[in-house]
Structure formats: C-alpha cells, structure tokens
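What follows is one structure encoded as structure tokens, with my remarks underneath.
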Amino acid sequence: MCGIVGYVGNQQVVPVIIEGLRRLEYRGYDSAGIAVVNSVGEMQVRRASGKLRNLEDAIRKNPLDGDYGLGHTRWATHGRPTEENAHPHRDCTSRIVVVHNGIIENYLELKRELQDQDHIFQTETDTEVVAHLIEKHLSHDSSGGLEIAFRRSLAELRGIYALVAISADEPEKIVAARLGPPIVIGLGDGEYFVASDIPALLPYTRDIFFLGDNEIATLTRDGVRVTDGQDSEIKPQVQSVNWDPIQAEKGGFKHFMLKEIYEQPRAVRDTAKGRISLDTGQVFLDTMNIDRAEFRRFTDIKIAACGTAWHAAMVAKYLIEELARVPVEIDYASEFRYRNPILSPTTLMMVISQSGETADSLAALREAKEKGCRSLAICNVQGSMMTREADCTVYTNAGPEIGVASTKAFTSQMVAAYIFALFLAQERGTLNKERLKQHAQHLSELPVKIEKLLNNPEIDYEELSKKFVLSTDFLYLGRGINFPIALEGALKLKEISYIHAEGYAAGEMKHGPNALIDSRLPVVVINTLDPDDEKSRLRYEKTISNIQEVKARDGIVVAIVTEGDNDTRESASYTIEVPPSSELLSPVLSAIPLQLLAYHIAVRRGCDVDQPRNLAKSVTVE
C-alpha cells in the first residue's frame, strides 16, 4: 500500500527520498510528502495531493534540504486525499514527524484523550495521533529520548502499522516499528535506509533485512539497533537481495505492466531453474523445513489467498489433486479468518502471496498454525513476514513486480504450484519416474513457448482492442483448469480498464449468463486442447458447444485456442492462438493473451494501467 522512505547518511537527503518514493509509486497512492531536518535543527515539511510530481513542484517552488528525513506516499484510508491529510504528520510543536502505513483502530479514543490534554489536531487522519502521543511521552519524561517515547506510544496503539518517526531535537536519528505492514532496513557504508519495500533501496544498497512484528529499529549514522517488545537487543538476519535495479525500471517499455508481461519467460525460467531434473525427473525443493515423511501423512490441503493469487490457488487445486491425489480446499483469505475452518495436524496450510505481506493471508496462516497445522507459502519476496512464519516456502523468483495488476507474479505462482504438486506426488509415490520426467520436459519447454507467444507477429492486440474500447461489459468463460484463467482475465480487464467483466465456468452458461448475451457483449472463451489428454478433448468439445450458444444469440466471441485449431476458428469471431502444451501447463499460456488484451484496451481508453484508481499493490490492511 502506502510508500515509506527514510534516510540518514552523507548524501543529500531530499534526492534520496524522492527517488525512493518514485520507485514505490507502483504501490498506489493519492498524495505525497517529505520532512527533513537541517543542520540548524529546523524541521521542514512539504506535502502535496496527487502524484509525486506535485510534491516535486512544491519543492522547486519552496526548496528544502537536510541531514536526515522521511518521505511518504499515501493511499487514503482515514481522511480525504488532500494536502493537509498527506504524511508526514506533526505534533503540536512541529518538532516531531511521523509516517505510517496501516490503520490505528483506536485513534478516535486516543484523539479525544489527547484533545482533553490540549493537543491540537490539524488533520482527519488516524496517523496524527502517533505524533501527539510521542510529544506527550517526551513532555512527561524526556530522559529516554525519542526511542523510549516512541516505544511507549506504540504500547497505546491498537491496529496494524509500519511507523517511522524523527525528531528535530535528536539529530540524525530515525526510529521505526512494525506490526503487520512491512518495514525493510537498508545497510550502506555510513548511511542507513528505511523503506516499505525493497525497490526503494535498490539504487543504494543490496544489504537489507526485514523488521519483524513488534520490533523497533533505531537508525543513526553509526549503525542500526534492533530491539524487541521487551527492549532486548536482536541481531537481524541481513540478506543480500539479487534484484537488478534495472529490473525495477521500465526498460524502454511504455508501462511497467507491459514490461512485466514480457518478462514472463525469464520469470518462469527462474522459478523452475534447478528444481526438477530432466534426466531423472526428481524434484528438488531446498526450502522444505518439513520432514519428507510428513508430506506422505497429510490428509488434506487448505489454500488461502487474495485477488490474483486466489486464482493461482484455484489452479494449484487442480494440479495437486490431479498429480498428488490429495484433496484441496481453497478460501479467500479474507473469508477464511472469519469462519471456523476444520483443521487438523494432518492438514497442510498453504498461502500464496506476491509480497508475502498480505494482511488477510497472514491472518489465515497464523490461525492455521495456532490450530496445529504445518504450513507452506508460495511467495516472491525473500525475508517477508509470510516466508518467515511459514514452515516452508516455494519462492517464485519473478523479480520485482511494479505494476499493480499482477502478471509475471501470477504465472510464476502457477509454475511454483506445479513444481510443488510434482514434489508432493514424488514424496507420496503417485507418479513414477517416467511420468515425472515427462512433466519435467513439459516445464522446460514452457519459457520458449511463452517467448514464441509474446513475439507472434500474427497477433495484433492493438487492432483487436479497437473493437472493444467502447464495450461496457465482458464475459469470460473457461472449463477445468482454465476456469480460473477466465476469472483472472475478467479481473485483469476490470482492474486496469474499469470495464465491468465477469468470469464463469463455461458449463454454467445455461444457468444464468445466457441471459446477458446479445450483439453488444464480447465473450472471451478459453478453449485450448491437449490431444494426448482425454479429459482435455472432452472439455474442448463441450466448450465449442458453448461458443455456438453465444453465436446463436449474436454474441461476439474472442477465443483463446491452440495453434492449428480450425474447428473453434469457424465458430469464433476472433481467435488468438497459443503454442500447444500439456493440459496442466495450458493456464500459463492462456493467461498471457488475456493480460495483453486487457492492457491494450485499457491504454486505448486512456487509463493508468500501472496505477489503477482505488487500488494498491500490496494490501497490508483489511
């Protein structure tokens, strides 16, 4: 969600913070601000509603500089997206400033108490109470300084937060705490950074660590001190991130989303690399901190995820049940935590998240662990909260995904789920070595097929998008393992083009959706075919019948088909061909044309595809 950047060191602080915020724009925001303290101890704040360029304009008109400081991009939760509600927020003296991601649930109660003590508030936000709490504790006892007042303020908060604060009275010191949303600390040579996500730090350092829940970091030019809730010092687990800073730039593409669509061959290749042997079919997962025998004892698997990751979970269900023959139940993580799921010590809890910080998915993971379940995460970010709390992790190795609408993270999640399903099948003996070798071969061919699909000159998405730029509704249909891709295709379109779209199981057409079909409704149908799979052939034939139903009602059909499919072509209005593949890997290929179709329609409609309205990249609050 919101972006945080803080810096103390020898560089000019304002350019470092602004560049860091620019690299966090992908998270979604509606206002921005910066606070710095200069050499004479003066706190200077600039804020602006709207995009980061508005803040830069404000700085050009009224320059500022300092020795250390904080910056923030806000995604409104409490209070309108105005300049006055933008972070950083100040106390009554304007000597203390705070930036915050998350929600302070008891802020109204705290605000009333502070107002009764003559504190004057300037904003509608929940964050401002934290600045006043720090002020209150410093006024009562200044001997412990900012760090102690910060810690005492945290003890009064209910909710979730990534909080960072500075004081003009304690030079070159930054304090940060986390309970829920991520905080990452960057370590340089005589300079130190705090941020809400890794890309903000990539131009300056690769050595980072994630702050844990209920941990506090104090940054000075001399180093970083980390303590827990009892003020005991903790030695953080520093890691070196292997992301290339160029990966977080557009690289000549018009949008991050388009760049990331075209990065999918590399992302899929890196996710599969070194994990399955072509010679033996053996699957290697080196982050499995569960005894191998335990995988044979699991009686069921529960998967919780949100948004696009939930669609990857649906694909994972098909893969695991088909290959490993273990029953799988999937939940929206936001629903899982509010019901009473049936869990046992023989249940494996699986969570899927690009960021590893998704609030609802973390809550589902924690509930399952409390009930004695073993756990596994599919995640893209090393050191994230989810990877630290799960018993095992299958990393997707997709690299940083900047566009809000997930593309390469989604296809990598499906590949990671495929690899885990093969691992589970191997451990449970449901596939022999020859079948595992066949799957390894299919997987090894997938990146090349994606490259071929992305570079097919016969598919003109720009021209196709012209046909639908004025459409107000879309229907997406799929069967079997491609039903989740119909849901994902509809989600991509609505996320970035703001066109209403629904995904449906093709077999449900007669149970309602047929009523919607007329000459104005585009219907996108996924109808790929694996001729070596009997179930695939049956689904294919049934889906042709669905296409004919649509055509009989004057509907417009856009069909995703396997190369050389003339039968579907005869019935469809438009076809997009994908390379032939096994049925179980077809969702990866089918998803890509739907990403590109949504992208080109959205661009033609003038939408901001990288930062869709009202959406954020990493949802770290409910």
Tell me yes or no: between the side chains of [X] and [Y], is some donor less than 3.5 Å from an acceptor?
X: T347; Y: D300; result: yes
X: Q264; Y: T411; result: yes
X: R374; Y: T346; result: no
X: T308; Y: S406; result: no

If you measure from the Lys or Arg side-chain nitrogens to the Asp or Glu carboxylate oxygens, is any gap between [X] and [Y] under 4.0 Å?
X: R388; Y: D213; value: no
X: R292; Y: E427; value: yes
X: K317; Y: E321; value: yes
X: K535; Y: E583; value: no
X: E260; Y: K408; value: no
X: R339; Y: E329; value: yes
X: R178; Y: E357; value: yes
X: R225; Y: E147; value: yes
X: K111; Y: D126; value: no
X: E367; Y: K371; value: yes
X: E445; Y: K449; value: yes

Given side chains that start at C-beta, do those of [X] and [Y] come closer than 4.5 Å, heavy atoms only?
X: S355; Y: E401; answer: no
X: L211; Y: V184; answer: no
X: Y107; Y: E128; answer: no
X: L285; Y: F420; answer: yes

Original post:
Would the F423 and F284 ring centres measure less than 6.0 Å apart?
Top reply: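 When the ring centroids of F423 and F284 are compared, they turn out to be at least 6.0 Å apart.
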
Any donor-acceptor N/O pair, [X] side chain to [Y] backbone, under 3.5 Å:
X: Q354; Y: A309; answer: no
X: R269; Y: A272; answer: no
X: D610; Y: G403; answer: no
X: K494; Y: A501; answer: yes
X: S240; Y: D207; answer: no
X: K302; Y: P341; answer: no
X: S444; Y: Q441; answer: yes
X: K437; Y: T280; answer: no
X: R479; Y: L538; answer: no

Separation between [atom1] of [X] and [atom2] of [Y], rounded to the nearest 0.5 Å:
X: N482; Y: T543; atom1: CG; atom2: OG1; answer: 9.0 Å
X: I183; Y: F209; atom1: CD1; atom2: CZ; answer: 10.5 Å
X: I4; Y: L70; atom1: CD1; atom2: CG; answer: 8.5 Å

Subject >> L436 vs Q282, side-chain contact (heavy atoms from CB on, under 4.5 Å): CA-CA, chis, key distance, verdict >> reply: CA-CA 7 Å; L436 285 168; Q282 186 172 358; over 6 Å; no

